[in-house]
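Input: a single structure, listed below in structure tokens.
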Amino acid sequence: MDDSAKRLLQRLMRRIPTPTLRSALEKWGRLTTEQQKSMDFTQSKWALTERLLGICEENELAVKQLTDLEMIHVIDNPDQGMWYAFQLMDPEDDAKSVDLTQFKEQFKSHLRELVRNVSIKMKKHTDEAVWIRIAWGDTFSRPNHLKPTYIVHYLQTPYVFVTSITSKQKPLLSQALVLSTRYQAIKDANLSGRKLTAIRDLLMKKYQQVFPTKYPIPPPENNQTISTFVLLFIDQHIEKEQAELAANRLQMACEAFGGGMLPQLQSAVYKLETKFRDHSNKTMTEREEPFRCVVKFTSTNLLESFRHCASSGIASTPVTPLLSCIPLKGRNYFLITDNGPGPSSQRGQPQV
Amino acid sequence: MTLQPPKSNTSATTSGCFHLKQRNVHYSTQHKYSQNMEVATTKGVLSHLSRLEVQKRSLKSQPQQPGGVKALRATVEALLTQRDQLRAEIQTHKNIKKLRVSMDKQCTNEEEETEEGMDEDSENSNLLRLMARHTQLKDLLHAHNVVGGYNVVKTRQGKGVCVSVATFYEGVYLNTYNLEIDVKPTVRISRHNVPPFIPLNNLAEQSNMQTDLRTLLDPLSQHLNAFAGRQQQFKFVKELHKSVEVMESNVLCSLLVLKFTVPREKTAVLCSLDYTDCTRSLPTRVHFESDAWYVSTNVLNWMRAATGSQ
């Protein structure tokens, strides 16, 4: 086993946590049963790495097989790293009949035309996702397997999800994707997150959405337990009066963000370019350049937090379109410029 | 052509009846006697009168029919019963209308249960209530048909609607997809849960949705139902036929490659299903490949694709 393979294996072992290591190795299928049995998963990571190195040398495994193991691990644990969504635009007529074989051949040939020394691996997952692993090299150097880019695409949909890509690599990847999927262009979808499953579910509309119907949602059971405590301090009559208002707020909150489990986004960023409006402060209002500020919301589950804000009354309902457009447009990065009539007005018209 | 009034003085002062007759005569004989209008009108009146006399005499000379009175009486009876029937129908109609008004009000205020005070006996009022309900349901069905069978709910105080498109396959209801549509100022889709592989934007552009929403909803329903049908068929094949292996599939269920194993010979056959028409749940092209070499190499390729080797 050469140095690069050893380094790759060491890096892999650092990346793969011990609990998931056993199943990953089984799926990989490169170890004999004795070798598998000889791996003692109670040992330290370092010891396991040494043992695995020995086994790989025995089986004469190389970088090619190790990248398989990496891919298996990433596919089974997609909610790591930072994923960015892209959207393909303007499909050609034959875009909807692009099958897997065609896509694979076309993507590989186009990317190889653009980049010498690139290592491409493509795998079709059971949920129809096509996973692509790219190790980038150039005219002078071999592919760097320590910093691969992963791409996920569902054929016949316009969305592509990418992790670990540099700004130099992006246009090359975009070109190859556009040509092989038979679309005309690709653009940034302005959606990013740590969990691939979350941003995928948001764009593919795989979560439960709530629409206006004749029958409003019954309030969740949690509220009842809370209200028993609240009753100690608040009059029952107030509770009763507020019940209808609470139900309305819940309906509006769910219509804006969704019902049930929501895709876990971690942040939303609003970049504002506006004019300072405070007549008492002449220096600020007389500035030529727009007033820039960034508002960032972070949470372990951002959409859930927003929904709770709306249903509990912290945020006013109907939910402001600035917040509800996160699930509506499927993005969490917004650039808001001011289109208002002038500095004398109280509020400009935010354009998203 | 303006009709001139008769020139003779007698017209102005005589009784209305005679004046009328003179007028009539004047209309009918105007184009016959052009020059001497006064003479012509008097001649015309007399001839008309004599004609009438002849008519009356001929009527009198006709024999009276003996059964005539009986027949007439029978007709009178029939007409009387018909009149009574019609009167009863009108009354029922009025009562049903009254009931409908209160029933429709009941439907919009579902909490309030108002008792309709009918002063007729209970059997009659029950029947009336049933008939009113029948008309209500018929109207509802008609409205449903007008809307195209889609569930529509008004939103935002009439400024928008929410349309539900149901999908089903072989009598089983599957997913329901919803579209929130703004109606004012222009018709525009504001929110929906249609998956991205259904070309909703294209359908919206190609439709005439500003004037007829069904030009969007009907093709959309076709696409969605066809997709639901294909998806169900695919699901059943996988569940019910364990010997069938899936070589290739996609989210739209429009490109499928399956591997069948012939039962006795244990040979493999590859079946490719192309659904180029996405509005249909049946394939446009089916290709069976039984050549052993071809099948085995392709199966290997697909297996490699699944395990991720280059």
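In this text the structure is predicted, and so the values were computed from the model without any measurement. To find a chain, count down the sequence lines: A is the first, B the second, and so on, and within it residues start at 1.
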Practice prompt. Could you check B:Ser254 against A:Gln156 for side-chain hydrogen bond (donor to acceptor under 3.5 Å, both in side chains), going step by step and ending with a plain yes or no?
Written response: CA-CA 9 Å; B:Ser254 62; A:Gln156 277 79 49; 4.6 Å; no

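- Counting heavy atoms from C-beta outward, A:Thr101 and B:Glu248 have side chains that approach closer than 4.5 Å.
- Counting heavy atoms of neighbouring residues, nucleotides and ligands inside a 6.0 Å radius, atom CD of A:Glu60 does not exceed 12 of them.
- Using a 4.5 Å heavy-atom threshold, the side chains of A:Gln209 and B:His192 count as separate.
- When side chains are defined from C-beta on, B:Val194 does not count as touching A:Lys205, because their heavy atoms never get closer than 4.5 Å.
- A:Met204 CE: more than 12 foreign heavy atoms inside a 6.0 Å radius.
- Residue B:Thr276 touches chain A through its backbone alone, counting heavy-atom pairs closer than 4.5 Å.
- Annotation: maximal heavy-atom pairing with chain A below 4.5 Å, among B:Asp274, B:Leu255, B:Asn178, B:Asn151, occurs at B:Asn178.
- Few gaps surround CE on A:Met89; more than 12 heavy atoms of other groups in view lie less than 6.0 Å from it.
- Minimum interatomic distance between B:Ser190 and A:Leu328 (heavy atoms only, all atoms of both residues): O-CD1, 3.3 Å.
- Within the 4.5 angstrom heavy-atom criterion, only side-chain atoms of A:Tyr159, from C-beta onward, approach chain B.
- Contacts of A:Ile75 with chain B are absent, with no heavy-atom separation under 4.5 Å from either backbone or side chain.
- The distance from atom CG of A:Leu155 to atom OG of B:Ser249, rounded to the nearest 0.5 Å, is 10.0 Å.
- More than 12 heavy-atom neighbours from other residues, nucleotides or ligands sit within 6.0 angstrom of CD on A:Glu92.
- In terms of heavy-atom proximity, A:Thr157 sits nearest to B:Val251 at CG2-CG2, 3.9 Å.
- Side chains of A:Lys206 and B:Pro195 form no contact here, defined as non-hydrogen atoms less than 4.5 Å apart.
- Taking the side chain as every heavy atom from C-beta outward, B:Asn193 and A:Phe211 approach each other to under 4.5 Å.
- Within 6.0 Å of CG on A:Asp94 lie more than 12 heavy atoms contributed by other residues, nucleotides or ligands.
- A:Lys96 contributes atom NZ, which lies 13.5 Å from atom CZ of B:Phe197 (distance to the nearest 0.5 angstrom).
- A donor-acceptor contact shorter than 3.5 Å links the side chain of B:Arg191 to the backbone of A:Glu255.
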